[in-house]
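To start, the structure under review is shown below, and the notes come after it.
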Amino acid sequence: MKIINPATEKVIAEVRDDDAGSVNQAFYRARRAQKDWAKVPLSIKLGMMARFRDLVVENKAKLASVLTSEVGKPITQSNNELNGLIGRLNFFLDNTESVLKEEKVFNDSGMEELIRHEPLGVIANISAWNYPYFVGSNVFVPALLTGNTVIYKPSEYATLTGLAIVELMHQTGLPPDAFIAVVGGPAVGNALLDQPINGVFFTGSYATGRKINEKVAGRLMKVQLELGGKDPVYICDDVDPKAAAEATADGAFYNTGQSCCSVERIYVHQNLYDKFVEAFTETVRGFVIGDPTNEKTYIGPLARHAQLDVLDQQVNDAEKKGARLVLGGKRRPGTGYYYEPTVFVDANQNMALMKEESFGPIIGIARVRDDEEAVRMMNDTNYGLTAGVYTKDKTRAERILAEVNAGSAYWNCCDRVSPRLPWSGRGHSGLGLTLSKYGILTFTQPKAWHLRSPG
Ligand code: NAD
């Protein structure tokens, strides 16, 4: 498998990918290792994860540079991702013990009832490339801490990062068979699903998530799908348009618009529309696009060449249906998978731009009459990952957000993930969750103990 730098279009490495045979061997190694790994005391497991965190800190510059070279993520943002990883690891280090504690729910005249949490067994972690450290660690860290062994398939677009993660993990003293990388594209992911695994934890697109769900449906195993989004933000008429524009432009264009929770569509109250559009366009005009190894760069290339076609199609469709292009709207000529930061105004719900995930540096802005129309527009989607409202009035924000069908609700913020809160999508955005105490328990199965003492 050739690893291509999306900024230079040069092959930067060649990696041998797995096949059905090696995936099968990985499964049997992981299965043999699982029982012993589950018996390792939690304190030892936590020590290994703390060592992993320290190794990430020690190797940060190198890891950031590898991520930037294969994904095209601007180097400042690669460093930000690694800094954010430390916070997530600390969350798991601080909370796993209390979350896994057995619970005594009843104790009366010789009858005791307990809940204890057991691992699922061998789990598959099929991962995405856009935040490989975040989306990977949300799964493999709590999965390992709760006693599962993990077969980890990094995205084929973040293979070098995936292999670096596994290497660092093994340096902590973690048994190599507790955490095994399999490398390759869809065929390797598919071969992994053919194994008698005990759960699949997937991060990626709705299209792939659906295929995975269908493939394993008859096996009645745990399936968790963290999928795409078409996340809306509503700008009320009582905010400072410049501050709201700066915050939401960052939410839309950070990571070159390739975040699952990127702001993907913006609805603005009619009273503030013109001022907001002007401030938003000004902000986006100031974004530095270019070489992702340069610390000043804010917009890099897209990670995948194929996504350029998706953006072209959305631009053509939006223009045909009457949206007004105020910025960008085309690929940047020259080397690299670059797309100019693109802003459409007067967009509407008939456009792919407002309905389908763009996953790139492009945004549609639409005018709404009032809060009621904003809620209707925000809910006009098959997705349901996040939604945000900008207003000075907390009661107004909570009233609106309570009506919106999304896993995360943001007041005066966007494009934000917290390890302390559950991360989940509704509808086409997924099934199940990661992060928070529930994102630890999700890698376990409860056993109900009914204990009657003989006396
Ligand atoms: P993708 O669906 O193309 O690929 C994801 C993974 O699935 C890759 O490892 C790929 O090799 C594997 N795969 C592809 N086909 C498969 C098959 N038939 N069987 C088994 N495995 C298969 O997605 P991507 O391009 O890597 O990621 C981008 C998508 O991920 C976006 O839609 C984004 O919104 C979403 N995402 C969601 C979250 C979240 O937390 N909800 C986080 C990050 C990314």
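We count residues from 1, following the sequence as given. We count ligands from 1, going down the list as the structure has it; atoms in each ligand are counted the same way.
Not one N or O on the side chain of Asn405 forms a donor-acceptor pair closer than 3.5 Å with the backbone of Gly384.
Residue contacts with ligand 1 include Ser155, since one or more of its heavy atoms lies under 4.0 Å from the ligand. The shortest separation from a heavy atom of Lys215 to ligand 1 is not under 4.0 Å, leaving the residue out of contact. Ligand 1 lies nowhere less than 4.0 angstrom from a heavy atom belonging to Tyr206. Residue contacts with ligand 1 include Phe359, since one or more of its heavy atoms lies under 4.0 Å from the ligand.
Nearest protein neighbour of atom 41 (N) of ligand 1, counting heavy atoms only, is Leu227 O, 2.8 Å. The nearest heavy-atom contact from the protein to atom 7 (O) of ligand 1 is Phe202 CE1, 3.2 Å. Nearest protein neighbour of atom 21 (N) of ligand 1, counting heavy atoms only, is Gly189 CA, 3.6 Å. The protein non-hydrogen atom at the shortest distance from atom 24 (P) of ligand 1 is Trp129 NE1, 3.4 Å.
Scanning Ser205, Cys260, Gly430 for the heavy atom closest to atom 2 (O) of ligand 1 points to Ser205. If you check each of Glu264, Arg210, Lys211 against atom 18 (N) of ligand 1, the one with the closest non-hydrogen atom is Lys211. By heavy-atom distance, the residue among Ala303, Gly204, Ser262 lying nearest atom 35 (C) of ligand 1 is Gly204. For the residues Pro186, Ser424, Ser127, the heavy atom positioned nearest atom 8 (C) of ligand 1 is part of Ser127. Closest to atom 19 (N) of ligand 1 by heavy atom, among Asn190, Thr159, Val417, Asn130, is Asn190. In this structure, of Val183, Asn125, Thr208, Ile126, the residue bringing a heavy atom nearest to atom 4 (O) of ligand 1 is Thr208.
Here is the list of ligand 1 atoms found below 4.0 Å of a heavy atom in Gly185: 11 (O). Distances below 4.0 Å separate heavy atoms of Glu156 from the following atoms of ligand 1: 8 (C), 9 (O), 10 (C), 11 (O). Atoms of ligand 1 found under 4.0 Å from any heavy atom of Ala128, numbered from 1 in the order shown, are 26 (O), 27 (O). Annotation for ligand 1: atoms under 4.0 Å from non-hydrogen atoms of Val135 are 42 (C), 43 (C). Every atom of ligand 1 is numbered from 1 in the order shown, and the set under 4.0 Å from a heavy atom of Arg304 is 25 (O).
Ligand 1 has a nitrogen or oxygen under 3.5 angstrom from a nitrogen or oxygen of Glu357. Ligand 1 has an N or O atom lying under 3.5 Å from an N or O atom of Trp423, backbone or side chain.
Ring geometry, Tyr206 versus His428: the interplanar angle falls under 30°, so the pair is classed parallel (tilted spans 30 to 60°). Between Phe179 and Phe140, the two ring planes are tilted [angle within 30° to 60°].
Contact record, Gly184 with Asp17: CA-CB, 3.9 Å, taken as the closest heavy-atom pair.
In this structure, Arg331 pairs ionically with Asp309, as a charged nitrogen and a carboxylate oxygen lie closer than 4.0 Å. Between Arg399 and Asp371 there is a salt bridge, with a side-chain nitrogen of the basic residue lying less than 4.0 Å from a carboxylate oxygen of the acidic one. The residues Arg51 and Glu58 are annotated as salt-bridged, a charged nitrogen and a carboxylate oxygen being separated by less than 4.0 angstrom.
Looking at Thr381, Asp380, Asn382 one by one, the single match for side chain to side chain donor-acceptor pair (under 3.5 Å) with Lys355 turns out to be Asp380.
Between the side chains of Lys230 and Ser358, at least one donor-acceptor pair of N or O atoms lies under 3.5 Å.
In this structure, Lys73 fails the cation-pi test against Trp129, since its NZ or CZ atom is not both closer than 6.0 Å to the six-membered ring centre and inside 45 degrees of the ring normal.
Heavy atoms of Thr434 found under 4.0 angstrom from ligand 1: none, in either backbone or side chain.
Note: Ile4 CD1 to Tyr337 OH = 4.5 Å, rounded to the nearest 0.5 Å. Distance OG1/Thr281 to CD1/Ile363: 11.5 Å, rounded to 0.5 Å.
Side-chain contact between Pro196 and Phe27 is present, with heavy atoms from C-beta onward closer than 4.5 Å.
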